[in-house]
Amino acid sequence: MAEFLVDLKRTHDCGALRAGDAGKRAVLFGWVAARRDHGGCVFIDLRDRNGLTQIVFEPETNAAAHRQASELRREFCIGVAGTIRERGGHKNPKLPTGDIELAADTLTVFSVAETPPFELSDDTRSDEAIRLKHRYLDLRRPAIQKNFIARSQIYQTTRRYLADNRFLEIETPFMVKYTPGGARNFLVPSRLNPGQFYALAESPQIFKQLFMVAGMDRYFQIVRCFRDEDLRLDRQPEFTQIDLEMSFVTEEDVQNVVEGLMVNLWKDVLGIDIPRPFQRLTHADATGKYGSDKPDLRFDLPLCDLTEVVKKHDGGSVGLLQSAVNAPGGVVKGWRLPAAQAKGLSRADLDKLEEFAKGFGARGLARARLGEGGAWAQSPMKTMTDDLRKAINEAAGLGDGDLVFLQFGTKKLVNAVLGGLRLHLAVKLDLIPKDLWRFCWITDFPLFEASDEGKLVAAHHPFTSPHPADLERLESDPGSVRARAYDLVLNGNEIAGGSIRIHQSDVQARVFRALGLSDEEAQAKFGFLLEAFKFGPPPHGGIAAGVDRLAMLLCGADSLRDVIAFPKTQKGTDLMTDAPGPVARRQLDELHIALKE
RNA sequence: GGGGUGGUAGUUAAGCUUGGUUAUAACGCCGGCCUGUCACGCCGGAGGCCGCGGGUUCAAGUCCCGUCCACCCCGCCA
């Protein structure tokens with residue numbers, strides 16, 4: 001008797017067979033996706049990662065196999081052998097293999113399966129927690145498998161494209177020295193060095209710059225990074241980046257390489273041609289017009305700066321506006337929602353939006369609906385002078401039935417609220433066109449931003465090169481200095497970020513000083529890099545792109561978790577393995593760690 | 001650290017506003033029938049610590065307090 005795997009080798013996968021194969025013998029392996037037992041004959045939908053093939057067991061073909069088939073259940077792993085047959089009048093146009101079926105004469109059950117804990121269909125509505133607990137089953141779903149097939153293509157395309165462009169793939173350590181600043185690090189205790197810790201690398205930043213010092217010229221790596229920060233829909237504590245660095249380049253050179261990569265990815269994964277060059281927006285324009293440094297450009301609806309108008313009218317008798325524009329750095333901005341869209345919002349909806357605004361730390365959300373002759377209805381700012389109201393109507397281009405939202409305060413808050421509102425309502429009112437890929441480079445980021453304590457911190461990282469034209473203001477007006485940094489934004493998602501680095505030690509010293517870092521501190525934190533830069537560093541720059549986010553967008557997935565094989569929950573746990581978990585006291589002792597009582 | 005949503009058979013949900021007989025349905029599961037289904041169909045059946053702990057009450061899935069878990073957002077993510 002012929003034995004499966006030994007004599008009966010797999011001849012086709014479950015998505016391969018077509019009408020032209022009729023009459024051939026075939027051996028298929030896979031999982032039982034569905035069973036339809038008619039008593040007289042038994043149909044099995046056999047599934048593997050390539051598709052579904054209908055298997056039919058009939059008593060006249062092989063009575064024993066037919067009997068055996070009625071014992072099959074969902075998710076049994078089986079092998080079948082038989083003859084491929086055209087289905088005649090019973091074709092299934094919904095299946096690529098629907099013209100044929102395999103009339104099985106031989107069946108083996110490799111393993112049985114318990115009833116799955118959730119429905120394994122593509123459109124399963126089962127709670128994600130239970131699917132994560134049995135992730136290996138969730139990963140059997142064709143819709144999920146499709147994501148990982150696409151993700152694999154992303155790796156293939158990236159390696160081919162970057163190799164073609166003379167990049168070397170070189171690895172960097174995950175276990176590194178802790179350097180302060182930036183994301184919180186996961187720490188790894190050192191058994192051999194009591195009281196000492198490694199950090200898991202949040203990025204290969206410093207190492208890749210050292211590759212440039214070493215003359216590697218062009219480096220890339222598809223690399224895991226670790227950040228111990230709170231999770232989001234689009235943020236996991238360990239994530240993958242396409243990290244690259246190039247010597248003797250300007251920002252345009254780096255951007256060209258990345259644009260080429262994106263064009264190749266969209267072509268290979270989706271078969272879509274993305275036009276080049278990508279749009280470019282300065283950071284000032286992006287935050288000014290859209291209130292965000294990662295604007296979704298699939299729709300416009302820009303914000304409008306009303307600071308000067310309000311100033312000119314001295315607050316228009318509205319005390320809050322008056323004090324807002326008189327405060328240092330205070331701005332007033334508005335956002336117009338045209339009448340056609342605004343009519344979809346009831347008064348109760350607007351009240352809910354106020355709660356939404358408060359979520360960003362706003363004290364409220366002033367809004368008005370334009371009525372007859374530019375009058376404001378449903379507005380809390382009753383005391384506003386007609387002059388200011390008219391001036392705002394004109395500045396914001398307000399017409400009959402339009403809604404206008406006003407926000408005042410610090411630039412950061414105003415942009416967060418109105419930019420957030422713009423996005424929130426676009427989703428709610430379905431204003432975002434589908435199947436649109438709006439890539440955009442955000443350029444000219446500020447080099448520094450103010451920390452909570454009012455100190456300057458690096459907006460990107462401390463090795464980012466200042467804009468040469470702004471160098472002279474590094475000491476006198478550091479807040480105005482632009483960085484040679486750039487982000488690639490796609491449909492409102494930051495998918496890559498990078499910069500031209502500092503390679504002159506005098507400039508680096510001035511940046512450290514601006515950051516309030518003494519020579520000793522700089523030496524203690526980044527001494528090895530500064531030391532390396534004494535030995536002829538080339539001008540260089542690079543970028544890192546988030547593979548998980550790219551995969552999410554390319555797959556049309558709603559969540560990063562749908563494109564990561566074994567993702568963490570929002571609390572950073574793994575529901576399948578139950579990580580993180582406690583360890584024995586003995587292990588802690590070995591690591592020289594004492595638990596706080 | 002803050003705000004919000006949810007947790008009821010294996011799964012997905014209803015019931016909770018207004019406490020009151022045996023907690024309801026669909027899918028799945030088990031048994032029977034069925035030779036052309038493909039979300040097969042028909043008949044029958046089993047399946048529940050209503051997340052957990054406390055409280056109020058004659059009585060709690062339902063009201064109150066606490067807690068755990070999952071998800072979304074803000075802060076955070078150089």
Side-chain angles (χ1 to χ4, degrees), chain A residues 33-46 52-61 66 70 73-75 85 87-95 97-98 101 103 114-134 137 179-185 202-203 205-206 225-237 239 352 355-362 412-413 416-417 420 423-424 445-449 451-452 456-464 483 485 494 497 499 511 515 525 546 558-559 561 568-571 573 575:
Chain A
R35 167 183 61 105
R36 292 177 292 279
D37 186 345
H38 289 248
C41 67
V42 176
F43 297 101
I44 296 293
D45 287 341
L46 191 67
L52 280 184
T53 299
Q54 173 164 290
I55 315 298
V56 60
F57 293 90
E58 291 159 326
E60 52 267 38
T61 310
H66 172 258
S70 62
R73 292 296 181 269
R74 274 164 203 264
E75 302 308 324
R85 194 160 75 183
R87 288 215 215 165
H90 305 287
K91 295 191 162 79
N92 183 352
K94 285 188 278 186
L95 280 182
T97 61
E101 63 191 2
E114 289 181 14
T115 302
F118 59 91
E119 200 181 330
L120 280 191
S121 64
D122 266 358
D123 52 352
T124 187
R125 276 143 60 238
S126 294
D127 190 77
E128 204 179 353
I130 190 138
R131 290 190 281 125
L132 287 175
K133 185 170 177 183
H134 302 274
L137 289 180
T179 51
R184 191 178 290 121
N185 290 95
E202 61 188 74
S203 97
Q205 183 60 37
I206 292 175
C225 302
F226 306 87
R227 294 181 188 173
D228 187 7
E229 296 291 346
D230 284 6
L231 288 85
R232 284 282 194 289
L233 191 70
D234 60 351
R235 258 164 38 193
Q236 282 273 317
F239 59 98
K352 255 185 246 159
E355 293 309 308
F356 176 82
K358 284 178 180 170
F360 288 87
K412 196 176 166 187
L413 175 76
V417 172
L423 209 61
H424 177 72
F445 278 75
L447 188 63
F448 304 111
E449 56 190 32
S451 71
D452 290 337
L456 283 186
V457 295
H460 191 50
H461 57 63
F463 319 113
T464 303
E494 181 195 331
S499 65
V511 169
L515 289 168
K525 286 173 181 171
D558 297 321
S559 159
R561 294 187 294 272
K568 304 279 191 288
T569 68
Q570 188 150 63
K571 282 188 72 186
T573 64
L575 295 177

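Residue numbering restarts at 1 for every chain, and letters A, B, ... go by the order of the sequence lines.
- Under the salt bridge (Lys or Arg N to Asp or Glu O under 4.0 Å) criterion, A:K352 pairs with no residue, sequence neighbours left out.
- Residues meeting the salt bridge (Lys or Arg N to Asp or Glu O under 4.0 Å) test with A:K412, sequence neighbours left out: none.
- Rounded to an integer number of Å, the gap from CZ of A:F118 to C1' of B:rA9 is 18 Å.
- Here the P atom of nucleotide B:rG6 and the CD atom of A:Q570 are 16 Å apart, to the nearest Å.
- Remark: A:R235 engages no residue in a salt bridge (Lys or Arg N to Asp or Glu O under 4.0 Å) (not counting sequence neighbours).
- Across all strands shown, B:rC16 forms no Watson-Crick or G-U wobble pair with both distances under 3.5 Å.
- In this structure, B:rG41 and B:rC33 make a Watson-Crick or G-U wobble pair, each of the two defining distances being under 3.5 angstrom.
- Without hydrogens or angle criteria, A:R131 side chain to A:F118 main chain gives no donor-acceptor distance under 3.5 Å.
- Remark: the separation of the C1' atoms in B:rU62 and B:rG19 is 6 Å, to the nearest Å.
- Every residue meeting the side chain to side chain contact (heavy atoms under 4.5 Å, CB included) condition with A:T179, not counting sequence neighbours, appears here in chain and number order: A:F526.
- Two residues, A:E449 and A:K568, neighbour RNA chain B, and the one matched to the more 5' nucleotide by heavy-atom proximity is A:K568.
- With sequence neighbours left out, the ring pair (Phe, Tyr, Trp, His ring centres under 6.0 Å) criterion links A:F356 to A:F360, A:H424.
- Legend: residues meeting side chain to side chain contact (heavy atoms under 4.5 Å, CB included) with A:H461, ordered by chain and number and at least two apart, are A:Q205, A:Q209, A:F463, A:T464, A:S499, A:R501.
- Contact annotation for A:L132: no contact, since no heavy-atom pair falls under 4.0 Å across all strands.
- A distance-only check finds no donor-acceptor pair linking the side chain of A:E449 to the backbone of A:V457 [under 3.5 Å].
- Rounded to a whole angstrom, the distance from the P atom of B:rG48 to that of B:rA23 is 12 Å.
- Going from atom CD of A:E119 over to atom C1' of B:rC27 covers 6 Å, rounded to whole Å.
- A:L52 comes within contact range of no nucleotide atom at all, as no heavy-atom separation falls under 4.0 Å.
- Separating the P atom of B:rU35 from that of B:rC16 is a span of 47 Å, rounded to the nearest Å.
- Spacing of C1' atoms, B:rG53 relative to B:rA60, comes out at 15 Å, to the nearest Å.
- For A:R235 and B:rC77, a side-chain-to-base donor-acceptor distance below 3.5 Å is present, hydrogens and geometry of angles not being considered.
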Close N or O pairs between protein and nucleotides 66-69 of chain B (under 3.5 Å):
residue	atom	partner	partner atom	Å
B:rC69	OP1	A:K571	NZ	3.0
B:rC69	OP2	A:K571	NZ	3.1

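- The closest donor-acceptor contact from the side chain of A:Q236 to the backbone of A:K568 lies under 3.5 Å.
- Of all nucleotides present, only B:rU5 satisfies the Watson-Crick or G-U wobble test against B:rA70, with each distance under 3.5 Å.
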Protein proximity profile, nucleotides 28-41 of chain B - base contact B, sugar-phosphate-only contact S, no contact -, cut-off 4.0 Å on heavy atoms: SSSS--BBBBBSB-
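- In this entry B:rC63 has B:rG55 as its Watson-Crick or G-U wobble partner, both defining distances falling under 3.5 Å.
- In this structure, A:K412 atom NZ and B:rC74 atom P are separated by 13 Å, rounded to whole Å.
- In this structure A:R35 satisfies the salt bridge (Lys or Arg N to Asp or Glu O under 4.0 Å) test with no other residue, sequence neighbours excluded.
- Rounded to a whole angstrom, the distance from the P atom of B:rC43 to that of B:rU17 is 36 Å.
- The neighbour count for A:E114 CD, taken as heavy atoms of other residues, nucleotides or ligands under 6.0 Å away, does not exceed 12.
- For A:R561, a side-chain nitrogen or oxygen approaches OP1 or OP2 of B:rC72 to under 4.0 Å.
- Nucleotides B:rU67 and B:rG3 have their P atoms positioned 12 Å apart, rounded to a whole Å.
- Between B:rU8 and B:rC50, the two P atoms lie 11 Å apart (nearest whole Å).
- For A:H38, the ring pair (Phe, Tyr, Trp, His ring centres under 6.0 Å) partners at least two apart in sequence or on another chain are A:F43.
- Between the CG atom of A:D558 and the C1' atom of B:rC71 there is a distance of 13 Å, rounded to whole Å.
- A:F448 pairs by the ring pair (Phe, Tyr, Trp, His ring centres under 6.0 Å) definition with nothing, not counting sequence neighbours.
- The interatomic distance linking A:E114 (CD) with B:rG10 (P) rounds to 14 Å, in whole Å.
- As a whole-Å value, the separation of A:L233 CG from B:rC74 P is 10 Å.
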Provide a list of protein-nucleic acid N or O atom pairs under 3.5 angstrom, restricted to nucleotides 1-5 of chain B.
residue	atom	partner	partner atom	Å
B:rG1	O6	A:D230	OD2	3.4

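- The backbone N or O of A:L46 lies less than 3.5 Å from no partner atom in the side chain of A:T53, so there is not a single donor-acceptor pair.
- Across B:rG75 and B:rU57, the matching C1' atoms stand 43 Å from one another, rounded to whole Å.
- Note on A:S203: a base of the nucleic acid sits closer than 4.0 angstrom, heavy atoms only.
- Put simply, CD on A:E128 is 11 Å from P on B:rA70, counting in whole angstrom units.
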